[in-house]
Amino acid sequence: YEITTRLVGSEMCIRDSIHQGVYMEYKVALCDDDEKIASKIMEAFNNELHAHNLEATIDYYSSGNVLIEAVKEKHYNLALLDIDMTPLNGFDTAQSICSISSDTRIVFVTSHEELVFDTFEYTPFYFIRKKYYETGVKKLVNKLTHTDLLTTSVHLEKNGSITSIDSVSIKYAVSQDHMLNIYTTSGNYQLRKKLSDLENELAGYNFIRVHKSCLINYMHVRRFDAVSSEVIMKDGFRIKVGRSYKDTFKKGFVQYRRTM
């Protein structure tokens with residue numbers, strides 16, 4: 001278990017190498033203008049990852065502006081953002097990150113517990129209170145392992161070639177004109193396949209049919225608009241939930257959020 005640290009301008013990069021029993025590698029950005037508390041959170045996060053035999057690269061940024069520029073070149077699975085930063089606060093930083101990389105999970109970190117309700121607009125993956133950061137980090141890593149272990153491989157066959165993709169990367173699938181369009185975080189696929197067959201393959205992996213022609217992944221849902229009866233995905237895609245699917249979707253979404 002080895003940690004090396006280097007300082008480059010306003011960015012401090014910590015490389016955390018765990019060489020045994022690794023089954024998931026995370027690329028994490030931590031942004032906080034208070035380097036002292038940031039170091040404590042990074043240490044706790046590294047220790048907890050180590051306890052779960054996980055590997056991670058954690059990059060530290062002292063401002064949201066620097067992080068946003070970095071996200072244009074780097075992809076992060078997870079971004080831990082202090083809310084009360086200057087000149088760019090955590091909310092504005094999160095909004096910019098999501099516009100560049102819609103699948104980056106946002107975790108807000110703050111000393112102001114009353115702001116937890118203000119974070120909901122950004123659909124955060126988690127919320128850490130600095131006062132109880134060690135407990136928060138433990139729960140965050142537990143949530144990561146629970147979420148990312150619930151995956152399976154989907155094999156797509158087209159023109160004699162087979163492509164395998166992880167179910168967690170699938171955002172939604174739409175059936176149109178006898179073709180199935182599968183939208184993922186790394187690209188899109190079109191092939192001849194029944195939506196019902198894909199639905200059966202993904203049963204039990206956080207997918208739900210919201211329309212006769214659309215299957216979505218709860219992991220990639222930003223919110224549900226009760227007025228328009230539309231699901232808004234994290235990448236901005238909107239789909240109207242069919243009347244016969246609405247109750248099942250809403251119950252499933254509530255249950256999913258509770259387990260998260």
Side-chain angles (χ1 to χ4, degrees), residues 1-18 25-51 54-144 147 222 234 260:
Y1 179 60
E2 178 182 298
I3 298 177
T4 58
T5 304
R6 63 185 177 88
L7 286 170
V8 183
S10 61
E11 176 184 352
M12 178 174 68
C13 299
I14 288 184
R15 299 291 180 253
D16 175 15
S17 302
I18 305 168
E25 180 182 0
Y26 293 98
K27 292 180 173 58
V28 182
L30 192 154
C31 188
D32 195 322
D33 53 9
D34 184 341
E35 188 175 324
K36 185 176 181 180
I37 186 63
S39 296
K40 291 181 179 180
I41 292 173
M42 283 191 288
E43 181 179 4
F45 194 54
N46 276 310
N47 290 340
E48 196 62 27
L49 288 170
H50 187 205
L54 297 176
E55 180 176 308
T57 298
I58 305 177
D59 294 346
Y60 168 73
Y61 300 89
S62 59
S63 78
N65 289 320
V66 177
L67 172 56
I68 290 167
E69 288 303 310
V71 170
K72 295 176 182 178
E73 303 295 332
K74 300 179 182 180
H75 176 266
Y76 290 107
N77 309 108
L78 196 70
L80 282 69
L81 309 175
D82 177 32
I83 294 176
D84 191 23
M85 293 188 293
T86 58
L88 199 67
N89 64 37
F91 293 145
D92 292 336
T93 302
Q95 189 170 22
S96 295
I97 290 173
C98 291
S99 69
I100 300 169
S101 176
S102 62
D103 62 321
T104 298
R105 295 160 172 167
I106 301 297
V107 175
F108 286 116
V109 183
T110 186
S111 300
H112 303 285
E113 300 179 17
E114 70 277 6
L115 293 177
V116 62
F117 298 107
D118 295 331
T119 69
F120 293 167
E121 177 184 348
Y122 305 90
T123 321
F125 184 74
Y126 202 66
F127 182 93
I128 293 177
R129 295 174 293 174
K130 288 185 178 181
K131 185 177 180 180
Y132 306 106
Y133 72 89
E134 290 179 314
T135 300
V137 165
K138 285 180 180 292
K139 291 182 177 180
L140 170 60
V141 173
N142 284 336
K143 182 176 179 179
L144 283 170
T147 302
R222 181 173 297 281
K234 291 180 179 178
M260 293 297 101

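Because the structure is a prediction, the values reported are computed rather than measured. Keep in mind that the numbers below use all heavy atoms, side chains included, and drop hydrogens, waters and symmetry copies. Residue indices begin at 1 and follow the sequence shown.
Under 4.0 Å is where a charged nitrogen must lie from a carboxylate oxygen, and between Lys40 and Glu43 no such pair does. Taking a cutoff of 4.0 Å between a charged side-chain nitrogen and a carboxylate oxygen, Lys130 and Asp34 do not qualify as a salt bridge.
Closest approach of Leu80 to Val28, counting heavy atoms only: CD1-CG1, 3.7 Å. Scanning all heavy atoms of the two residues, the minimum distance from Ile100 to Lys72 falls at CD1-CG, 4.0 Å. Taking each heavy atom of Cys31 and Gly64 in turn, the nearest pair found is SG-N, 3.6 Å. Heavy-atom minimum distance, Tyr60 versus Asp32: OH-O, 2.6 Å. Residue Cys98 comes nearest to Ile106 through the heavy atom pair SG-CG1, 3.9 Å, listed as atom of the first residue, atom of the second, then distance.
Note that OH of Tyr132 is 11.0 Å distant from NZ of Lys139, once rounded to the nearest 0.5 Å. Atoms CG and CZ, on Leu140 and Arg105 in that order, are 9.5 Å from each other to the nearest 0.5 Å. Here CD1 of Ile37 is found 10.5 Å from CE of Met42. Values are rounded to the nearest 0.5 Å. Note that the CD1 atom of Ile128 and the CG atom of Leu81 stand 10.5 Å from one another [nearest 0.5 Å].
Asn77 places a side-chain N or O within donor-acceptor distance of the main-chain N or O of Lys27, the cut-off being under 3.5 Å. Side-chain atoms of Ser101 do not come within 3.5 Å of backbone N or O of Ile97 as any donor-acceptor pair.
In this structure, Lys143 forms a cation-pi arrangement with Phe125, its terminal cationic atom sitting closer than 6.0 Å to the ring centre and no more than 45° off the ring axis.
Paired with Ser96 under the rule side-chain contact (heavy atoms from CB on, under 4.5 Å), one option of Ile68, Asn65, Leu67 passes, and it is Ile68.
Ile58 is not listed as a side-chain neighbour of Tyr26, based on a closest heavy-atom distance of 4.5 Å or more. At least one side-chain heavy atom of Asp84 sits under 4.5 Å from a side-chain heavy atom of His112.
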Going through the checks in order, is the side-chain contact (heavy atoms from CB on, under 4.5 Å) test met by Leu144 and Leu54? CA-CA 11 Å; Leu144 283 170; Leu54 297 176; 5.8 Å; no
Run the numbers on Phe45 and Leu78 for side-chain contact (heavy atoms from CB on, under 4.5 Å), then give the verdict. CA-CA 12 Å; Phe45 194 54; Leu78 196 70; 3.9 Å; yes
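By the ring-ring contact (aromatic ring centres under 6.0 Å, His included) test, Phe91 is found to be paired with Phe108, Tyr122, residues two or more places apart in sequence or in another chain being considered.
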